[in-house]
Structures are given as C-alpha cells and as structure tokens.
Amino acid sequence: MRNADIAAHFSELADLYELDGAIVHRVVAYRNAAAAIREAPRSVEELARAGRATELAGVGKTIAEKIETLLERGRLPQAERLLEKFPAGLVEITRIPGFGPKRARKVFDELGIGTREELRRAAEEQRLREVPGFGARAEESVLAALAADPDGSARGRVLLSRVRAIGEEIVAALREHPACQRVELAGSARRMAETCKDVDVVAAATDRAALVEAFRALALLEVTSASESGARAVTHNGLPIDLRVVAPETFGNLLQHLTGSGPHNEALRTQAVRRGLHVSEYGVLDDERGTTHACATEDEVYRVLGLVYVPPELRENRGELEAARARELPDLLRVDSLRGDLHCHTIASDGRASVEGMAAAARERGLDYLAITDHSASHGFGKDVSPDALRRHIEHIRAVDESLGDDFRLLAGSEVNVLPDGSLDYDDELLTELDWVIASLHSSFRLSEQEMTDRMVRAIEHPLVDAIGHPTGRLIERRDPYALDLDHVFEAAARSGTFLEVNGNPNRRDLSERNARRAIAAGVTLVVDSDAHGPETLANVGYGVATARRAWVEGRHVANTRRWDELDPLRRPSSTAADA
DNA sequence: GCCGTTTTCGGCCCGACTGTTTTCAGTCG
C-alpha cells in the first residue's frame, strides 16, 4: 500500500471520529499522523512491517498498530464501524463552506440529513431554521455554496504561473507608491506551491490609508471591502486578492504569518510555546518578560525563536523546523546556480523560435550552454523531425555553435519518444551523433503499471539516453501521472546514472516536489530544465528550480549546475557507477 | 492520540469573523 493510500485511510478516520464527537486533539492526532505518513520520504508500509512506524513524528503505539491492521485487512475496523453509523455523504457536508463537523452532525441528528442534496432541499423548504443555531441566513448561505459548487468537485485553485503574473503586477504597482515602504507577495504564491487559492499581499506604509487607496484604484480589481489596515478584492477573472498593510515595525511578523503554510505556522507556534513564546501576526509574546517583540523582518522572527531563516519554499512542516533549529537546512538550488539548460524546442519541431534565437536568449540569461532538443520522428504533433531532417538539424546547430565563440556551447540534442515497448524512435547510430539525449513518453499513457514501469526502465537503461523528460507525465490539475512504480524507476535511474528531469513548464513541474525529494533520497541525479518553446519561456526554469527547492534539492543533486565539460563525463554509466 | 529543557500526566497555536446569541460556539486561514 502506498503512503498516500495509507494516509487517506487515516484522514477518513479522523473525519469520522470528528463527526462522532471525539475530542478535538484526538482528531488532530489522526490528521497529523496522516500528514506524516503522506509526507514520509520512504515506504511507510516497509517501515511498519519492520515495526518502526513510530519513528514518524505523530505516529505513536496506537496508530502504528492501526497501520499494521490496515496493511493486513485493507480496511480500518474503526472506520467501518463509524461508516455504519453515519451516511458517507455526511463527510461531504463537512466540506461545504461554513459547515464543519459540529454543524453537519447537528443537521443529521435533528433532520436526518446525510447528503448534500438532502441539505439543499431542507434549505429550500426553510426547514433548516428549525435546527437550533441555524437561521434564515444559514439557509441562504447553504444554497449559495451549493449553487457555486453543485457536485462538491470544484477545487477553485489556480496555477501558480497565472497567480504570480497577477500578484507581481499588483506588487509592482504598489511599490511605485510614495507611501509604500515594503511590499511582498505572501501565501502559497510566495512559497511557490503548484496552485493557489488566492493572492496575499503584505505591505508596510507611512500612510496606510493612502496605500489602500492606491490598491483600490488599480484597474484590474473589483474591491469588495477596504479599511486602513487592508482591502479585499477580486480580479476580473475571479481570483481573490487580500492586501494587508501594517506599520514597518511588525512587517516581518505579518509577512511570516501570511506566508504560512498553515501546518508550518502551527508547528512553529507549538514549538515556541514550549519556550514560553507565543507567535502571532502582531509579534512574539514572551511569557516571562510579559513583552511583545515586534519584528521588522522575517529573519528576526525566526531568530527570536532560536531558528535560522527558513526559505518560504520549505515552509510546509516537512522537517524544516527541526533542521532550522539544528542549523542544518539544505543549501538550496538557486536559478543562478544553473550553468546550462538541457531541454528546449525550436521551429524544427513545435517551438516558436530559430536555433539562433534560442541560443541568443540563453546567452542573454547568462547560461554557459544550451541543448536544442526538438521532438523526434514519431511525435505526432508539430513538425516531425525525420532522421534525415535531424542530421541536417545537427549540422545547423554545430554551425551556429561555431559562430558563437568559446564562452557559450550550443549542444545538438533531441527529445526522443519512448515507444510503448520502451524502445526509442531513432536508431542508435543516429543517437550517437547527438551530444545530449532526453527520452520522454508522449503516447500510450494507459498501459498497466507493470508495462509502464518496464517501458520506462528500458528507456532509462538505454546506454545512449542521458535523461528522462517529465518522468511522470502529470499535468497539474488536468492529468494524473502515468501508472508507474516510482521506487523501481528511481532505483534504475540511480543504478544506470540516467538523470531524471524536473521540468520547469508551470503546467508540468515534473518530477513533482514530493517525487523529486524521493528521487534524491534514492540517489538519483536530477536535471532542471525549462522545456522552453520560445525565448521568453526559458524563464520557466524558475518553476523547475522552485519545485526542486520545495523538494530540498541542493546544487550537488543537479547535473546542470556543472560546467558542460564536468557534466559530460558524469553521464557515462561506467564512470557514474565508479562515482557512486 | 501524541509527547517531553514544565517528561509518563496534562496539556495540545493564534486570532478574526460570523451568525445567532444575551456572552459565545463554530468555522476559517
């Protein structure tokens, strides 16, 4: 059983216990355990079978035993018992905005309501107000919430790249204002999460009202509420924006608070309480002295708590607080640590720019090398690059490289299709002429896990393949990853010295942060690339770097932090095996 | 149910907002 599946069972059990009226801390304990299981970088099943599940923070004796029961029977008996007591739809009701376990339980007890549909009808027929604590307003808001999300499937999350485009525009506009002293994006956009629910902006100003007024005047917003301390707005395409403005003395406290994540802040405060410190957006209250320490910078917030500064990308309660206390945070990958980009396209396949145009843009970005990796013969959309066309393409790339001088290297590469049986659609003789080969899957996504894994491992083991492009094929919020046994994939990549890509296309970010962290733990070396289809999207490598940072990846884990003459020998299986 | 520089019991993050209340429980981020 995968970690995610085990975690889902404990999340469900937490929901059911909560409906059953268990004390809140017990419910929280189950949720914490579920999160620890989900985030664990190794197989929890293996850990549990070795009797070591309690090594996970938040898993004690009781939950460790329940994991073993779950692995034996495939179900948790406690959950089964509670599912006889409550209709399955009742948990769905707790997800409706404004509803939680207490209110869901109340409508079930009083009116026998156990599904969203039954709740909707009761609200329409004005029967909800018969329940103590519910009134006409409650009926209205239930109907509004159900109308906004009829089947409970709306996730309402927006891709990071869209959110950052809007958020950065707002920040830039506010920064221009004379009253503005500091302004930053906060929230999940600052943490570079895959998707965001809204945009949080934090500012410090000499004249707070004036800055709020400037925010109200931005043409891209419909402002829904405003005061001296901030404003709330919605962009014309429906993205909610929150602005908070404080005096500069507490800017650090507010930025830290609103950057989150929720679990990071909760854990931060829990640990602080043990030292007699209470953290909020207004400062750090010291029990002993009775004073509140206001922090102008985030650095100060963390320092007051005995921690080193935690980069926003790590603030997910995945071990960063313990590492920050021990001063052992990773030396995270940075965009400027990358010397080259090893995945991009030109008009030879489905790109928008010439070889010359891409090379010039890469140089402009300060890179030392760029691999041109157009799609191979059987790609099936855009232009196909036949073997003869590839030979001419290689010659052209070499000629352009010659013309560029010694401080920049243009590499002749290809993004070669992996066919359903794991073979490649150029023959070895042609592949040998290339400097750099990425193998990617672009078709036949629906094979079984066994077939898909065999296919991938065969590509990884091909001696002329340097890297696997977007290894799981997922598209954020749109397409699930291929069915793959990633433990096998990572083992094969580590053994053969084939690199796995962290693709920077903001729709892909593949490997994901979770999988990239597992990959480096398994000894895999990564490449972080833009997969640019035009000069402007070379900047997408920033999303790849953000993904890698969220995976605790350091420069040493990434092949293209090296010069090309250092990287080149790394990718030969014999020498890699010797290094390992 | 978990956990320990207040260790094996007694706590468990912090503050804002909302709607239904007459002092606050429940929900949210």
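First the proteins, then the strands, lettered A, B, ... as listed; each starts at 1. Every heavy atom of this structure was used, including side-chain atoms; hydrogens, water molecules and symmetry mates were not. The structure presented is a predicted model; accordingly, all values stated were derived computationally and were not measured.
One can place CZ of R26(A) at 20 Å from P of dG11(B), the figure rounded to the nearest angstrom. In this structure, E281(A) places its CD atom 8 Å from C1' of dA16(B), rounding to the nearest Å. In this structure, E266(A) places its CD atom 13 Å from C1' of dC28(B), rounding to the nearest Å. In this structure, CZ of R274(A) is placed 11 Å from C1' of dC13(B), rounded to the nearest angstrom. With rounding to whole Å, E139(A) atom CD is found 13 Å from dG19(B) atom C1'. At whole-Å resolution of the value, CZ in R105(A) and C1' in dA25(B) are 17 Å apart. For the pair K102(A) NZ and dG19(B) C1', the interatomic distance rounds to 17 Å; values are reported in whole Å. Between R244(A) atom CZ and dC17(B) atom P there is a gap of 8 Å when expressed in whole angstrom units.
Picking from dT20(B), dC13(B), dC28(B) the nucleotide with the shortest atom distance to the side chain of A138(A) gives dT20(B). Distance from the side chain of H278(A) is smallest for dC14(B) among the nucleotides dC13(B), dG26(B), dC14(B). Closest to the T62(A) side chain, of the nucleotides dC2(B), dC13(B), dG26(B), is dC2(B). Here dG29(B) is the nucleotide among dG29(B), dT27(B), dC2(B) with the atom lying nearest to any side-chain atom of K197(A). For V273(A), whose side chain is taken as the heavy atoms from C-beta onward, the closest listed nucleotide among dG1(B), dG29(B), dC14(B) is dC14(B). With dG1(B), dC28(B), dG29(B) as the choices, the nucleotide that has an atom nearest any side-chain atom of H257(A) turns out to be dG29(B).
A gap of 12 Å separates the C1' atoms of dG11(B) and dT7(B), to the nearest Å. Across the C1' atoms, dC14(B) and dT8(B) are found 28 Å apart, a figure rounded to whole Å. Distance check on atom P: dC13(B) versus dT18(B) gives 25 Å, rounded to whole Å. Straight-line distance between the P atoms of dT21(B) and dA25(B): roughly 14 Å, to the nearest whole Å. The gap from the P atom of dG26(B) to that of dT20(B) amounts to 14 Å, rounded to the nearest Å. Spacing between dT6(B) and dC12(B) at atom C1', rounded to whole Å, works out to 14 Å.
Taking the nucleotide of DNA chain B with the nearest heavy atom to each of G98(A) and R269(A), the more 5' of the two is matched to R269(A). For the pair R95(A) and F134(A), nearest-nucleotide mapping onto DNA chain B gives the more 5' position to F134(A).
In terms of phosphate contacts, R137(A) brings a side-chain nitrogen or oxygen within less than 4.0 Å of OP1 or OP2 of dG19(B). Applying the 4.0 Å criterion to OP1 and OP2 of dG1(B), one finds that H25(A) has every side-chain N and O outside that range. For Y282(A), no side-chain nitrogen or oxygen approaches OP1 or OP2 of dC13(B) to under 4.0 Å. At dC13(B), one or more side-chain N or O atoms of T270(A) fall inside 4.0 Å of OP1 or OP2 (strictly under the cut-off). OP1 or OP2 of dC13(B) has not a single side-chain nitrogen or oxygen of S280(A) nearer than 4.0 Å.
Look at dC12(B): its Watson-Crick or wobble partner, with both distances under 3.5 angstrom, is dG1(B).
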Distance-only donor-acceptor pairs under 3.5 Å for side chains of residues 205-216 of chain A, two or more places apart:
from	atom 1	to	atom 2	distance (Å)
T206(A)	OG1	A179(A)	O	3.3
D207(A)	OD1	A209(A)	N	3.3
D207(A)	OD1	A210(A)	N	3.2
R208(A)	NH1	V245(A)	O	3.0
R208(A)	NH2	E228(A)	OE1	3.0

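With respect to R31(A), the salt bridge (Lys or Arg N to Asp or Glu O under 4.0 Å) criterion is satisfied by exactly one of E266(A), E12(A), E18(A): E18(A).
At a threshold of 4.0 angstrom between heavy atoms, the contacts of L258(A) with the nucleic acid are absent. Residue-level contact check: I96(A) touches the backbone only, with heavy atoms under 4.0 Å from sugar-phosphate atoms and none from bases. Residue-level contact check: A22(A) touches neither bases nor backbone, having no heavy atom under 4.0 Å from any strand. At the heavy-atom level, P101(A) lies under 4.0 Å from the strands shown only through sugar-phosphate atoms. Looking at heavy-atom distances under 4.0 Å, A267(A) makes no contact with the nucleic acid at all. Within 4.0 Å (heavy atoms only), V28(A) reaches no atom of the nucleic acid at all. Using a 4.0 Å heavy-atom distance criterion, G60(A) is classed as a sugar-phosphate-only contact.
Heavy-atom contacts from other residues, nucleotides or ligands closer than 6.0 Å to CZ of R479(A) number more than 12.
Judged purely by distance below 3.5 Å, without hydrogens or angles, the side chains of N265(A) and Q256(A) pair a donor atom with an acceptor atom.
Within the cation-pi definition used here (under 6.0 Å to the ring centroid, within 45° of the axis), R105(A) does not qualify as a partner of F99(A).
Taking the charged nitrogens against the carboxylate oxygens, E316(A) and R517(A) have no contact shorter than 4.0 Å, which rules out a salt bridge.
In this structure, E298(A) and E184(A) have side chains that are not in contact, with every pair of non-hydrogen atoms separated by 4.5 Å or more.
Aromatic ring orientation, F86(A) versus F108(A): perpendicular (interplanar angle above 60°, classes split at 30° and 60°).
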